[in-house]
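Take a look at the structure set out below.
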Amino acid sequence: MDLSVSLPGLELKNPIMPASGCFGFGREYSQFYDLGILGAVIMKAATGEKRLGNPTPRVAETASGMLNAIGLQNPGVEKIIETEIPFLNQYDTSIIANVAGSKVEEYEFVAETLNQASSLSAIELNISCPNVKEGGIQFGIDPDLAYELTKRVKKISKVPVYVKLSPNVTDIVGMAQAIETAGADGLTMINTLTGMRIDLSSRKPIIANKTGGLSGKAIKPIAIRMINEVKRHVDLPIIGMGGIASAEDVLEFLLAGADAVAIGTENFTNPMICKEVIEKLPEVLQHYRFSSVKNVLEERVI
Amino acid sequence: MDLSVSLPGLELKNPIMPASGCFGFGREYSQFYDLGILGAVIMKAATGEKRLGNPTPRVAETASGMLNAIGLQNPGVEKIIETEIPFLNQYDTSIIANVAGSKVEEYEFVAETLNQASSLSAIELNISCPNVKEGGIQFGIDPDLAYELTKRVKKISKVPVYVKLSPNVTDIVGMAQAIETAGADGLTMINTLTGMRIDLSSRKPIIANKTGGLSGKAIKPIAIRMINEVKRHVDLPIIGMGGIASAEDVLEFLLAGADAVAIGTENFTNPMICKEVIEKLPEVLQHYRFSSVKNVLEERVI
Amino acid sequence: MNKELVGVINKNYIARETVELVLYSEEIAKTAIPGQFLHIQLPNHTLRRPISIASVDLEEHTVTILFKITGSGTQLLASYEHGMQLDVIGPAGSGFPIDDLKQDEPVLLIGGGIGVPPIHFLLEQLNARGVETKTILGFQTEAYVFYEEAFRKKGQTTIVTDDGSYQNKGFVTDYIEAAGSFQRYYACGPMPMLKALKSTMTEKEGYLSFEERMGCGVGTCLACVIPTNDEAGYKKICQDGPVFAANEVIL
Amino acid sequence: MNKELVGVINKNYIARETVELVLYSEEIAKTAIPGQFLHIQLPNHTLRRPISIASVDLEEHTVTILFKITGSGTQLLASYEHGMQLDVIGPAGSGFPIDDLKQDEPVLLIGGGIGVPPIHFLLEQLNARGVETKTILGFQTEAYVFYEEAFRKKGQTTIVTDDGSYQNKGFVTDYIEAAGSFQRYYACGPMPMLKALKSTMTEKEGYLSFEERMGCGVGTCLACVIPTNDEAGYKKICQDGPVFAANEVIL
Ligand SMILES: Cc1cc2nc3c(=O)[nH]c(=O)nc-3n(C[C@H](O)[C@H](O)[C@H](O)COP(=O)(O)OP(=O)(O)OC[C@H]3O[C@@H](n4cnc5c(N)ncnc54)[C@H](O)[C@@H]3O)c2cc1C
Ligand SMILES: Cc1cc2nc3c(=O)[nH]c(=O)nc-3n(C[C@H](O)[C@H](O)[C@H](O)COP(=O)(O)OP(=O)(O)OC[C@H]3O[C@@H](n4cnc5c(N)ncnc54)[C@H](O)[C@@H]3O)c2cc1C
Ligand SMILES: Cc1cc2nc3c(=O)[nH]c(=O)nc-3n(C[C@H](O)[C@H](O)[C@H](O)COP(=O)(O)O)c2cc1C
Ligand SMILES: Cc1cc2nc3c(=O)[nH]c(=O)nc-3n(C[C@H](O)[C@H](O)[C@H](O)COP(=O)(O)O)c2cc1C
Ligand code: FES
Ligand code: FES
């Protein structure tokens, strides 16, 4: 069955890719299966300089989900270009870089630097990381800031720019519209919802950063709702994510309005999940009377 | 062990009460246990006139949670005063009325009418029901409207006014502060998060209303985070809710900043849950070295 | 109605994707009437699953339920074995009214798919009271047919399959005329079937048993309402139903 | 490292709240080294649980793990019985380096509570290589003591309990001097114990095995980092560890 989809900068053999921060730069999961089967890989966030992230504990389990506050730990954009992109280049898959920063200038620098790397298919602006103290999150909750940032990065970037939306907002459509107006090529959504767990013995938050981002199956209904709402108002392609754990979930996201999907947390539960979902997708599409992924996108009623 | 707590208008023998809409007016659950053991009962929403609510299906299951879009179905405030409050009056428990409406005037009318009922301990303003088309939800996401509504109802009401916060906002603290400034006596939080599920066979949302409110264990980390954030900035007592399903959960909410708690969805999973949690709470408090509920409130570090 | 832990006595696959569970409960066996259901909790599922009572055995103190595997809840339910326990609320809902039946006229029973179990329980009770029954049962295909013998033993029985792969082909409604005269009909099955029955048999007294997605299952949350002709304008399927007179509900 | 389904061969409660599971895996039994762990999936839990390998049997192709019930995951793990299957990733992490040990000097092994299992696996391997071991094991109280015999059989062993309810009272660090000379130490246990060991034995070469809350367990998510003295500034407990040289990490 034809699973291919086309999005700006992304001619994907299938709509499945691992989500940023849940797959590192692919090295570890390449022990489990051939990364060449993936539609694309979204890399872990890149910042201007190396970052060491937050103190530990950085994760906590919740009902059907988890909290994380990694804090954008990464070796810095230059090191990523030098050592990680070449590794991924061995595989027949598209590479999307996730760009983060504290200031507009840092986003610009990271985007500009990444544009010099060969074989990068797109960048994803992470304007919504709730786990770093300064910056980042503000861009994700204020439509004017998001507009400004998107516009500035678009000016610099030759590769298509996707902007990743935070669900921690009152008006997700307003955010998406501001980003559309600024000229973004696509949206990715959703990032994590800010949450907290308290340890009863220590009487303190489990996560050292106190709050963390909630991801996993628990947030799927929120992701589906937001994607559907945005798709009804905004004309950009959407890479959907939030709790995907099966080929059925992928179809639910596509029907809701996503044009491709990313799988995050479930990689931790099942390191084979991307492969299993790709293998199962044709059967599931057929069962629900679709002839291809493109056929789903044509027939869905948003 | 002393489980009692004091909140404005509410001298509770324990901090446990069923959440609005998840216990009707208590009749059905009175078959399962004596409602007199409850700290309080929060009744199903009351509106000015009888409402028939949304078309069915009205609920859908999600991972560790559920969606609902009942749509404020209720017999109208006068009928509630006539037939439901007298029923609950048989039991030695506090009664809190949940007030909903489409316009400020409807809220005022309902609050005023309820104030004529004897033995009502407090009212809870439901400014956050995401499941009715007109009104309601706007009050819950706009701090100015929330301020105005709270102020007008406070002017009318002799019994303390609690305002129920919607989690579907960017700035929960801003909402809480507006409501505090307007003179509310307390906050209840959180209401449901707007979500959606799509049925793969029909290719349409499962819930007839399309979107529904997400509740249950899945949302607990979001509730804990929001309560904690609000408690650090606002000086009002908080009745906490969102996914409580055990006595341990109750302690987690109290440590996060709640002064009493409500149990919603878990009543459907286990109709005995309120009773079981009340019975288990002393043991759990003791295990974590607390001597009473008040002791938790004193010792917690927000 | 009560919440109790009941032991699983026996499990059988009786047709394709169709499982019969025999549960031990003195209380439910004693009090249940046809049309009532059990509201069953399953680990890691927020909502209980409503499953009709298919029969009771007063001597063995057992209650039999029968369900089709259609999703994660019924899948999990199918994994229960002898010796395990289920948390159930029940008997829930109101049943089929049968106290005012005349003795000397047959009644028509109509069951479609997973609507057959409560009709089977009803059959047994009517039989015990000496009321003659005629039954029409509809199934998807041959592989899904169950309880045929049980019905045949107790009265005239017509089996219909959607594709004609077993006995008659078509819809249950196609075979009502052939069933001859009856004083009243009772039916349980998918909504399109119930709608067709209501609109075809306008002059007959009939009782229909409905399905709807439930929250509480005990009458409190208003998830399961059905519009009615009376002043209230609605009734609750879980508590006032699942059985309603055909002429009181608006479909 | 691999993801595989392994069969449960046997389960035993060997001390209070402490369970030993014997699993069948030819591959893991063959390749595992002491200090490595299994990352175990449990139904309805988002995160896998890391549990150290406590021993392997190359003839029976089995891997033994041992854990204390401390929460919902280990509670569920304790419900596994002979015949059931577990989804595990492993052997994960790096182990205790032992290839460069001298043959003629003893090593000191220190285990605290649920840190004892990997130390036990290490004991077996050292013993097989003819390296003499001295062991100090710490437990909360008498009820929690396990594997005493296994250690005694293979070398000098000191048992310490927090409250003195069994043999010696106090902390494992109180008994290091009495253990006499050794070429190197290996330890696994709670963080305060590891910190105390590192700061007491500054001139000794030592290897410590750490615990941290994990996400992926395979080195990808950076949940489990520990600060180090090198240029990178951190290492990953799940992949680079859980065992580190005492002098490379900052505690
Ligand atoms: C009063 C009543 C009696 C019933 N009796 C029987 C019976 O005897 N045998 C039988 O096989 N089935 C019966 N059903 C239908 C049965 O409840 C559903 O098949 C079952 O709940 C599906 O659960 P699932 O987890 O397998 O499916 P999923 O689709 O995964 O369920 C998801 C959610 O939708 C609900 N749901 C899905 N389908 C239905 C449905 N048809 N009716 C109501 N809720 C649904 C589930 O309860 C659950 O909350 C009855 C339903 C009702 C309302
Ligand atoms: C490398 C390594 C090896 C381990 N080996 C063993 C062993 O051999 N025997 C044993 O009994 N325990 C061992 N542990 C600790 C064990 O992983 C935890 O006790 C277990 O994860 C608790 O899970 P739970 O669901 O019962 O507890 P919960 O508190 O409900 O767990 C909630 C979450 O916190 C994590 N967590 C809780 N406590 C710990 C902990 N101490 N370390 C890491 N994560 C934790 C859980 O993995 C889970 O993600 C080891 C830990 C690590 C990191
Ligand atoms: C451990 C962890 C780390 C993450 N790191 C990043 C990141 O660096 N950049 C980013 O844009 N999103 C990051 N995310 C968010 C995910 O990409 C994804 O948007 C979110 O987790 C929802 O998808 P899921 O439910 O499938 O995990 C991270 C999520 C997790 C769980
Ligand atoms: C079926 C259902 C109906 C509800 N009806 C109301 C309502 O009428 N008024 C209201 O303020 N909240 C209503 N709620 C929200 C709950 O009171 C509660 O805030 C929310 O469900 C979170 O708590 P929980 O996770 O314990 O259910 C309803 C929730 C559910 C599940
Ligand atoms: S399911 Fe709650 S009222 Fe019927
Ligand atoms: S747990 Fe993910 S890197 Fe160690």
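Protein chains get the first letters and strands the later ones, always in sequence-line order, with residue 1 at the start of each.
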Hey, which of C:Gln41, C:Gln239, C:His45 has the most heavy atom pairs under 4.5 Å with chain B? C:His45
Please identify, among C:Ile89, C:Leu42, C:Asp87, C:Asn2, the residue contributing the most non-hydrogen atom pairs under 4.5 Å to chain B.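 Ranked by heavy-atom pairs under 4.5 Å with chain B, first place is C:Ile89.
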Could you pull out the closest heavy-atom pair between B:Phe268 and C:Gly215, with the gap in Å? CB-O, 4.0 Å
Looking only at heavy atoms, which two atoms of B:Asn270 and C:Arg48 are closest? And how far apart? CA-NH2, 4.1 Å
Heavy-atom side-chain contact between C:Leu47 and B:Thr269 under 4.5 Å: no
Are the side chain of [X] and the backbone of [Y] linked by a donor-acceptor contact shorter than 3.5 Å?
X        : Y        : answer
C:Arg213 : B:Ala60  : no
B:Arg58  : C:Cys224 : no
C:Thr220 : B:Glu28  : no

Residues B:Glu61 and C:Thr46: side-chain donor-acceptor under 3.5 angstrom: no
Going by the side-chain hydrogen bond (donor to acceptor under 3.5 Å, both in side chains) test, which pairs reach into residues 29-47 of chain B, not counting sequence neighbours? B:Thr47-B:Asn74
Supply the atom-to-atom distance C:Cys221 SG to B:Gln73 CD, rounded to the nearest 0.5 angstrom. 10.0 Å
Given that the side chain runs from C-beta out, which part of B:Thr265 has a heavy atom under 4.5 Å from chain C: side chain, backbone, both or neither?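 Side chain only.
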Part of B:Lys217 within contact of chain C (heavy atom distance under 4.5 Å):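 Neither; nothing under 4.5 Å.
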Enclosure of [X] [atom1] (heavy-atom neighbours >12, cutoff 6.0 Å):
X        : atom1 : result
C:Lys3   : NZ    : yes
C:Phe171 : CZ    : no
C:Lys204 : NZ    : yes
C:Glu248 : CD    : yes

Quick one: salt bridge (Lys or Arg N to Asp or Glu O under 4.0 Å) pairs with a partner in residues 220-230 of chain C, sequence neighbours left out? C:Asp230-C:Lys235
Residue among B:Met66, B:Met272, B:Lys50, B:Glu266 with most heavy-atom pairs under 4.5 Å to chain C: B:Lys50
